[in-house]
Amino acid sequence: MSDCILRMSNINKSFFGVPVLKEARLEVLPGEVHVLLGENGAGKSTLIKILSGAYTREGGLIEINGQAIPAISPKEALNIGISVIYQEFNLIPDLPVYENIFVGKEFGKGIFVDHKQAMEKAEVFMKKVGLNVSPKTLVKDLSVAQKQLVEIAKAISNHVKILVLDEPTAAITEKESDMLFEIIKELQKEKIGIIYISHRMKELFEIGDRCTVMRDGEYVGTVNLSETSEDELTKMMVGRTVNFEKNINNLKDNDQVVLEVNQLQYRNYLKDISFQLHKGEILGFAGLVGAGRTEVAKCVVGALKKTGGSVKYKNTELSSSLPENIRKGIVYLSEDRKEEGLVLSHSVMDNIVLPNLSKLAKPFLRKKEMVCCANNYIQTLRIKTHSHLTEVQNLSGGNQQKVVIAKWLYSEADICIFDEPTRGIDVGAREEIYNIMKDLIEQGKSIIMISSDLVEILKMCDRVAVMREGMIETILENNADLTQEIILKYAMQGGE
Amino acid sequence: MEIVKKKIDGKLSTLTIYLGLGVIFLVFALTCKILGKNFLTLNNLFNIITQASIISILAIGASLVIVTGGIDLSVGSIVGFIGIFGGLLIKAELPLFLAGILCILAGALFGFANGMLVSYGKVPPFIVTLGAMQVARGLALLINRGQPISGFPKSLGMVMSFKVFGLIPVSVLYVFVFYAIIVVIMGYTKFGRHIYSVGGNINAARLSGVNVKKIIVMVYVLSGIFAAIGGIMLLARLTYADPNAGAGYEMNAIASAVIGGISLSGGKGKIGNTLVGAIILSTLTCGLQIMNVPTYYQTIVTGIVIVSAVFADKKKERQSE
């Protein structure tokens with residue numbers, strides 16, 4: 001199609017040698033709402049970040065109105081009319097609406113700002129998006145839906161040609177969504193190309209014209225939404241034909257419940273979470289980002305204070321004290337290595353020994369013992385590092401993850417909760433991490449594995465808890481009949 | 001080869017600091033020689049450390065707090081408060097030892113208040129300790145109606161002027177004993193490693209089972225205790241209590257830590273180097289004094305040295321980018 005407003009072709013991108021986009025493609029027509037669909041980690045946000053100039057592409061072509069554009073900075077992207085509205089808004093809370101709309105391009109003469117003119121102009125844009133507040137209102141006093149409108153007004157004021165909306169309805173009410181759709185339809189009339197990212201199947205069909213599906217960083221296909229169905233889209237999303245051998249676990253002991261969670265609640269994020277973990281079991285937690293999987297894990301270990309329900313470890317109630325639970329042998333390996341898993345500026349050794357200092361202090365720590373223990377794990381987990389003294393920030397993602405695992409292997413935990421243990425890790429290291437899990441099971445430990453990678457879930461888990469919007473939708477036995485489609489259907493549409 | 005390089009990289013900060021100290025010594029030794037004076041005498045060396053003793057002990061607290069990513073501005077005022085508070089206790093004919101214990105408790109209490117407000121109250125450390133700085137100074141003035149105290153028993157002066165084997169000033173001994181203890185604590189105990197982890201990444205530390213709130217409170221308590229010890233030392237050295245004593249000490253303590261390579265962003269730095277930092281500052285003062293350079297210049301030079309030290313340290317980072 002030669003008349004498309006945006007064409008991205010053969011886009012490649014990798015992080016630390018791990019490819020995340022492989023020949024990705026996207027074509028958007030003027031005035032259409034183009035849905036971008038894919039599982040977590042399919043590469044949607046990476047593709048968008050390349051479009052917005054936040055990441056640089058490694059090959060490939062971006063054309064706007066048939067004109068090729070070079071690698072650009074986020075600011076240049078804005079100037080040529082590409083606006084992305086992320087879930088976390090890019091607004092200054094303590095400034096009024098009108099200043100937010102025109103931030104970076106204030107009106108005025110010389111060094112003075114003409115507030116009156118800015119306010120008048122802002123009102124025009126605000127009217128267009130149906131934002132009925134005074135332009136002087138501070139952004140922090142607005143609701144989420146209103147802030148979203150400010151973002152859209154800001155984009156329009158930038159002469160937006162391509163508007164990307166990343167899960168715009170995730171945090172707003174149904175009524176507000178309807179209003180948003182009205183505005184989107186208005187924008188379509190102005191021939192703006194809209195890229196719409198969402199997991200809510202129903203609304204995709206309501207608002208979208210066409211849909212591009214991505215999987216594992218690759219382009220799967222583009223379909224007209226009027227000619228397809230939810231099931232067909234789901235099939236496109238999971239159609240991965242990776243051969244994998246399902247891990248057969250004979251060690252699961254159904255008579256021995258090590259962890260029992262009953263009607264766990266956490267503020268308004270989690271409702272009625274109940275499940276059991278058996279000795280020697282790997283229990284998977286599947287679901288979309290934001291479904292509440294990490295919150296469940298954090299409530300169990302005590303990193304978040306649950307607001308209701310009970311967590312029992314071997315028939316005794318667990319407290320909400322994280323250090324105490326770690327001592328009892330329940331540990332959580334964060335999905336966010338950099339923010340929560342590691343002290344990046346510290347050495348491999350210091351990171352490995354950190355949760356285990358009680359064991360090493362007698363009462364003084366002996367360097368020799370610490371070095372010995374660190375080197376032991378560097379060898380057994382095959383952590384690629386110059387030495388035990390290397391700062392972990394100099395390691396690759398896979399090796400950083402191994403350091404996180406080493407921390408907790410050494411602590412001899414009884415229940416390990418792995419949160420996205422293979423995110424951003426290459427295939428080889430993945431297998432090694434799976435092997436570590438198998439070893440743990442053989443030692444009679446139990447594992448909860450949170451993962452967005454359904455292949456991994458099917459390969460490793462004995463049972464799969466599927467979460468959706470803060471609840472466990474179902475817990476499925478991982479037998480021969482279980483497929484990615486079934487899991488994804490529960491995760492996206494629920495059990496109905 | 002790579003490993004060797006890494007090892008050298010890790011030691012570079014420490015090397016730079018010792019090199020800096022060496023260069024300063026050399027410059028003074030040479031200029032003094034030219035001026036016909038002697039700089040490198042044992043007496044002078046002891047003098048330098050004695051001069052540095054109070055600041056270097058305050059700097060232990062400053063370093064601990066900075067390693068956790070905080071700052072403690074209140075220590076100078078606590079020094080002033082402890083002078084008056086301890087002075088009144090001694091005047092009330094309490095035994096010196098008991099007075100000392102009470103002073104340390106008072107310092108710990110200040111630190112405890114700071115720590116609780118920072119960790120549980122979530123007030124930024126700068127604000128908390130800025131407030132404590134005012135409160136402590138106010139209390140120092142209040143409890144003796146702004147009057148200084150003098151006329152102390154001779155035994156008080158001995159706390160600082162005593163010479164071990166008739167040679168080594170006891171204050172030098174204090175410094176080395178306290179630093180020996182803190183170096184062991186920071187490098188070889190659970191508590192010390194936890195302090196570094198809190199400053200390096202508070203979330204990771206918490207999820208690793210470190211009681212981060214407790215660590216933060218403890219660090220401020222220690223800073224308060226070292227401030228009290230500094231206060232006692234100053235009182236003993238002057239045998240005179242001035243409610244305005246110790247003003248600006250917190251800045252010298254922080255400067256010592258920073259020159260010693262303690263990173264203000266937390267999680268990094270060797271506490272032993274803080275002592276080197278304090279000695280560098282005091283060497284400058286002593287050296288310039290011997291050379292009869294007016295005090296105004298001394299302050300200017302000190303200021304330049306502080307910034308240069310960090311500039312040199314950061315240069316490495318800029319190059320590696």
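The chains referred to below are lettered A, B, ... by the order of the sequence lines, with proteins before strands, and numbering in each begins at 1.
Scanning both residues, B/Asn201 and A/Glu340, for their nearest heavy atoms gives ND2-N, 4.2 Å. Heavy-atom minimum distance, A/Ser334 versus B/Leu207: CB-CD1, 4.2 Å. In terms of heavy-atom proximity, A/Glu339 sits nearest to B/Asn203 at O-CB, 3.2 Å. Considering all non-hydrogen atoms of both residues, A/Lys367 and B/Tyr188 come closest at CG-CE2, 3.6 Å. For B/Ala205 against A/Leu354, the heavy-atom pair with the smallest separation is CA-CD2, 4.3 Å. Pairing each heavy atom of A/Ser345 with each of B/Gly200, the nearest pair is OG-CA, 4.5 Å.
In the displayed structure, B/Phe126 atom CZ is contacted under 6.0 Å by at most 12 heavy atoms of other residues, nucleotides or ligands. Residue A/Tyr86 places its OH atom among more than 12 non-hydrogen atoms of other residues, nucleotides or ligands, all under 6.0 Å distant. Atom CZ of A/Phe275 sits in a crowded spot, with more than 12 heavy atoms from other residues, nucleotides or ligands closer than 6.0 Å. Within 6.0 Å of the NZ atom in A/Lys384, the count of heavy atoms belonging to other residues, nucleotides or ligands does not exceed 12. For B/Lys214, the NZ atom sits in a loose shell: 12 or fewer heavy atoms of surrounding residues, nucleotides or ligands are nearer than 6.0 Å.
Of the two parts of A/Leu357, the backbone and the side chain both hold a non-hydrogen atom closer than 4.5 Å to a non-hydrogen atom of chain B. With a threshold of 4.5 angstrom between heavy atoms, A/Asn356 does not approach chain B through any atom at all. Looking at A/Ser411, neither its backbone nor its side chain comes within 4.5 Å of chain B, counting heavy atoms on both sides.
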Output, in order, the C-alpha distance, side-chain angles, deciding distance and verdict of side-chain contact (heavy atoms from CB on, under 4.5 Å) for B/Arg193 and A/Leu365.
CA-CA 10 Å; B/Arg193 302 320 296 169; A/Leu365 303 165; 3.5 Å; yes
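Ranked by heavy-atom pairs under 4.5 Å with chain A, the first of B/Ser263, B/Gly209, B/Ala204 is B/Ala204. Counting heavy-atom pairs closer than 4.5 Å to chain B, the top residue among A/Ala361, A/Ser358, A/Ser321 is A/Ser358.
The line from OG of B/Ser208 to CG of A/Leu342 is 8.5 Å long, rounded to the nearest 0.5 Å.
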